[in-house]
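As structure tokens, the structure follows; a few thoughts come after it.
Order of appearance sets the numbers: ligands from 1, and atoms from 1 within every ligand.
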Amino acid sequence: MSVAPRGGNGKVTIPEILSRKSLSSDVSHQPKTKITCLTAYDFPTARLLDEAAVDILLVGDSVGMVVLGYDSTLPVTFDEILHHTRAVRRGTQRALVVADMPYGSFHVTIEESVRNAVRLVKEGGAEAVKIEGGERRIELIARLVEAEIPVMGHVGLTPQSIHALGGFHVQGKTADAAQQLERDACAVESAGAFSVVLESVPRDLAARITEKLRIPTIGIGAGPECDGQVLVIHDLLGLTQGHKPKFARQYVDLSSEISRAVASYCHDVRSGDFPSDAESFHSTAALRDYLRGSALAKQRT
Ligand code: KIV
């Protein structure tokens with residue numbers, strides 16, 4: 001299941017992602033190309049995003065809400081993430097595949113959490129895992145890194161903490177909350193993560209954290225100063241129903257396109273316009289003889 005990166009073939013690797021960090025100490029003062037990250041949950045979408053040169057495909061636990069119909073990410077199981085990671089792996093050649101550790105898969109013991117992460121790499125083909133949480137995850141992140149599993153952190157609005165946070169709200173809005181968020185991001189870095197997602201964080205605070213860290217920040221609702229951006233692919237494609245956060249820019253309205261196409265199909269079937277003769281298979285001379293023969297025999301009886 002795993003893909004071994006070979007130098008020079010364009011494969012996005014962890015060192016490549018790290019090299020995309022904009023550091024003020026960089027003497028070249030060349031702005032770095034921003035990191036692009038999108039969620040993907042299945043083979044055809046992974047293939048399209050990979051061919052479009054997206055850097056990181058995240059098999060997010062958002063799969064629970066946008067694909068499986070749950071009302072939060074909490075019910076998503078480890079087996080569901082493993083299943084979707086395997087599909088994304090099969091569709092991906094160039095991008096870095098990161099699998100989200102779902103709620104419950106890293107909350108019991110460190111040993112069980114490492115075992116689960118190892119399965120995502122070994123059986124799912126993930127090249128890294130994503131873990132929600134800051135200071136509380138220092139030991140786990142360090143143990144995963146020790147087990148050769150690259151970790152993407154995730155701080156700010158962490159949807160797995162939805163009950164504790166009391167809803168999907170912007171985080172870090174008071175001085176105390178901002179200081180905690182900075183501590184969380186620094187903790188994730190010092191534990192050995194190669195990048196960190198900043199979700200729903202005021203732009204200025206995200207810019208300050210980005211300036212402070214030596215690993216890339218990947219923003220979602222965290223403003224343009226982050227080293228990269230991530231969106232849920234269903235939001236970008238206009239496939240999400242109901243409320244969409246203001247940062248979720250929609251690039252196409254695929255829901256309307258799909259509804260139009262399906263309505264046309266139903267109309268064509270009902271009117272007899274589909275399938276046409278050109279869309280049908282035709283009989284051979286032998287089959288025609290057989291059909292004629294059995295029709296004659298039927299007439300005689
Ligand atoms: O699950 C997910 O899609 C995520 C991204 C929004 C960062 O965690």
Side-chain angles (χ1 to χ4, degrees), residues 17 34-42 45-46 49 54-78 80-85 87-88 95-107 117 120 124 126 128-134 137 141 150-162 165 167-172 181 184-185 188 193-201 206 209-210 215-223 226-237 239-240 242-250:
I17 293 296
K34 297 269 186 180
I35 298 161
T36 54
C37 178
L38 284 171
T39 63
Y41 317 106
D42 59 50
T45 311
L49 303 189
V54 175
D55 296 314
I56 301 176
L57 300 192
L58 170 66
V59 188
D61 60 358
S62 50
V63 68
M65 296 174 82
V66 299
V67 173
L68 302 175
Y70 301 144
D71 63 2
S72 79
T73 59
L74 298 179
V76 175
T77 66
F78 178 79
E80 284 166 342
I81 289 288
L82 182 60
H83 168 84
H84 287 279
T85 303
V88 168
L96 188 81
V97 174
V98 180
D100 223 352
M101 296 280 287
Y103 177 64
S105 69
F106 62 98
H107 299 81
L120 289 173
V129 299
K130 180 166 81 59
I131 301 278
E132 289 190 11
R137 306 288 175 237
I141 295 174
V151 176
M152 173 182 273
H154 183 161
V155 302
L157 172 56
T158 45
Q160 292 173 12
S161 331
I162 195 67
L165 296 176
F168 292 94
H169 308 303
V170 177
Q171 301 297 302
L181 226 155
D184 284 334
V188 164
F194 74 94
S195 64
V196 60
V197 170
L198 303 180
E199 179 163 350
S200 294
V201 175
I209 293 172
T210 299
I215 57 172
T217 57
I218 316 277
I220 175 160
C226 294
D227 300 296
Q229 298 291 326
V230 55
L231 279 182
V232 170
I233 186 66
H234 286 58
D235 290 342
L236 179 155
L237 297 177
L239 286 170
T240 318
H243 170 76
K244 267 192 302 297
K246 74 169 177 181
F247 57 76
R249 188 184 291 183
Q250 185 182 316

inquiry  = Show the atoms of ligand 1 that are less than 4.0 angstrom away from any heavy atom in Thr39.
reply    = 3 (O)
request  = Around atom 7 (C) of ligand 1, find the nearest protein heavy atom and jot down its residue, atom name and distance.
outcome  = Leu58 CD2, 3.8 Å
message = Salt bridge or not between Lys130 and Asp100? Use side-chain N to carboxylate O under 4.0 Å.
response = yes
query = How far is atom 6 (C) of ligand 1 from its nearest protein heavy atom, and which residue and atom name does that atom have?
reply = Ile220 CD1, 3.6 Å
query = Side chains of Ser62 and Thr39: donor-acceptor distance under 3.5 Å anywhere?
reply = no
key: Distance-only side-chain donor-acceptor flag, Asp61 / Gln160, under 3.5 Å   = yes
task = Look at ligand 1 and say whether Lys130 reaches it with a heavy atom at a distance under 4.0 Å.
result = yes
query = Is a donor on one side and an acceptor on the other found under 3.5 Å between the side chain of Gln229 and the backbone of Gly223?
reply = yes
remark   = Any heavy atom of Glu132 under 4.0 Å from ligand 1? The part involved is neither
Subset of ligand 1 atoms that lie under 4.0 Å from at least one heavy atom of Gly60 = 1 (O), 2 (C), 3 (O)
note = When distances are taken from atom 2 (C) of ligand 1, the protein heavy atom at minimum range is Ser62 OG, 3.3 Å
query = Near Asp100, which atoms of ligand 1 are under 4.0 Å from a heavy atom of that residue?
reply = 1 (O), 8 (O)
inquiry  = Can a donor-acceptor pair be found, under 3.5 Å and without considering hydrogens, that links the side chain of Thr45 to the backbone of Asp42?
reply    = no
query = How does Thr73 reach ligand 1, by side chain, by backbone, by both or by neither, if only non-hydrogen atoms under 4.0 Å count?
reply = neither
query = Ring centres of His234 and Tyr41 under 6.0 Å apart?
reply = yes
key: Ser72 versus Tyr70, side-chain donor and acceptor atoms under 3.5 Å   = no
